[in-house]
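Working notes for the structure below.
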Amino acid sequence: MADASYTTPAGEYDTQLGDYFALLKPRVMSLVVFTALVGLLAAPQSVHPVIAFASILFVAIGAGASGALNMWWDADIDAVMRRTAKRPIPSGRVPAGEALSLGLALSGLSVMMLALSANLLAAGLLAFTIFFYAVIYSMWLKRSTPQNIVIGGAAGAFPPVIGWVIATGSFSVEAWLMFALIFMWTPPHFWALALFMKSDYDDADVPMLTVTHGRRATRVHVIVYTILLTLLAVGTGFTAIGGPFYLATAVVLNALFLKGAVDISRRDEMAAEADGYKVEKKFFRLSLWYLFAHFGMILVEAMLRPVGLGGW
Amino acid sequence: MTFRPEHELHKRRKGRNIGVGLMLAAFVVLVLALTFTKVTSGDFELPKAGEVAD
């Protein structure tokens with residue numbers, strides 16, 4: 001074959017390694033790694049460090065694979081949304097076909113390797129999570145129902161359960177409590193984002209609650225879900241994965257979070273427009289710390305338990 | 001014997017190729033470490049000769 005067949009026209013962009021990495025949604029991956037690690041370390045069985053490291057890495061790769069599949073499927077709507085227009089596919093840095101290939105290859109690799117490093121149940125759960133995020137959420141729910149992120153939030157809630165199953169080989173109430181924490185946290189987190197990313201979802205025809213039911217209804221939904229989340233998050237403090245440190249943190253954070261949700265529900269669009277969605281943006285930022293701190297405290301309780309300090 | 005001069009494409013993709021190479025090497029090391037850990041930990045047992053024959 002002539003060398004000329006390998007050349008790309010002058011000025012054409014050569015996909016770099018960093019572009020492929022961006023396809024894996026590294027920020028989402030970091031959250032997945034953290035929550036899966038907490039699930040693994042909070043479990044009653046200990047895991048060999050090498051097996052724990054490898055297993056969490058394969059969970060991260062699986063999460064990245066589902067991110068690549070999501071970007072491949074959503075390239076059309078990513079292109080019209082300001083927040084996502086610079087992603088690798090809409091910006092032309094990675095061809096859509098390559099994103100699909102990478103997503104499928106990494107999905108297979110991560111599930112197979114997790115089955116070898118941990119157990120079949122954890123691998124099956126990882127496969128289901130990838131399927132849920134790429135097919136159920138991205139391909140079906142996202143474009144068809146305003147409940148997209150409520151049900152789709154389950155995909156992001158599985159990692160601590162996978163971490164727990166890596167360690168124990170089975171499910172338990174504590175693992176599902178961690179699942180429920182992320183599941184209930186997702187809707188207010190994304191609805192706050194939808195409130196201040198004003199026209200993005202409108203432009204892309206994504207039926208977010210702000211588009212289908214209006215902004216007033218979204219504000220009411222934020223407070224309702226936050227109340228339910230608060231009950232769950234504080235209640236978790238009295239279970240086997242909770243303890244005094246977790247409970248103290250949860251009480252403070254949930255009081256702040258609830259106040260933020262009340263502020264959001266009391267505002268109208270005129271007030272929000274006037275200060276550039278200050279309250280909504282503050283609530284969104286707090287939501288990131290909220291989840292990090294709750295899981296961080298579950299980890300602290302688990303780490304202190306062997307020395308007789310953590311837990312009840 | 002003469003080596004062909006490096007193609008311009010190889011120069012442009014050098015960083016990417018080195019990155020892929022390093023990742024593959026890291027994967028090999030990880031599989032090796034996993035295998036070693038599994039084999040040396042208590043829960044791994046080689047099947048007995050009779051069991052293999054069955």
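Per chain, numbering begins at 1; letters A, B, ... match sequence-line order. Computed over heavy atoms, backbone and side chain alike; hydrogens, waters and symmetry mates excluded. Computed from a predicted structure; not experimentally measured.
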Could you walk me through whether B:K38 and A:L116 pass side chain to side chain contact (heavy atoms under 4.5 Å, CB included), step by step? CA-CA 10 Å; B:K38 291 260 180 192; A:L116 292 172; over 6 Å; no
Evaluate the side-chain proximity of [Y] to [X]: yes if any heavy-atom separation is below 4.5 Å, no if none is.
X: B:L30; Y: A:M113; value: no
X: B:L34; Y: A:I51; value: yes
X: B:M23; Y: A:L17; value: yes

Chain B contact via [X] - side chain, backbone, both or neither, heavy atoms under 4.5 Å:
X: A:L109; result: side chain
X: A:L57; result: side chain
X: A:F21; result: neither

In terms of heavy-atom proximity below 4.5 Å to chain A, should B:V20 be classed as side chain, backbone, both, or neither? both
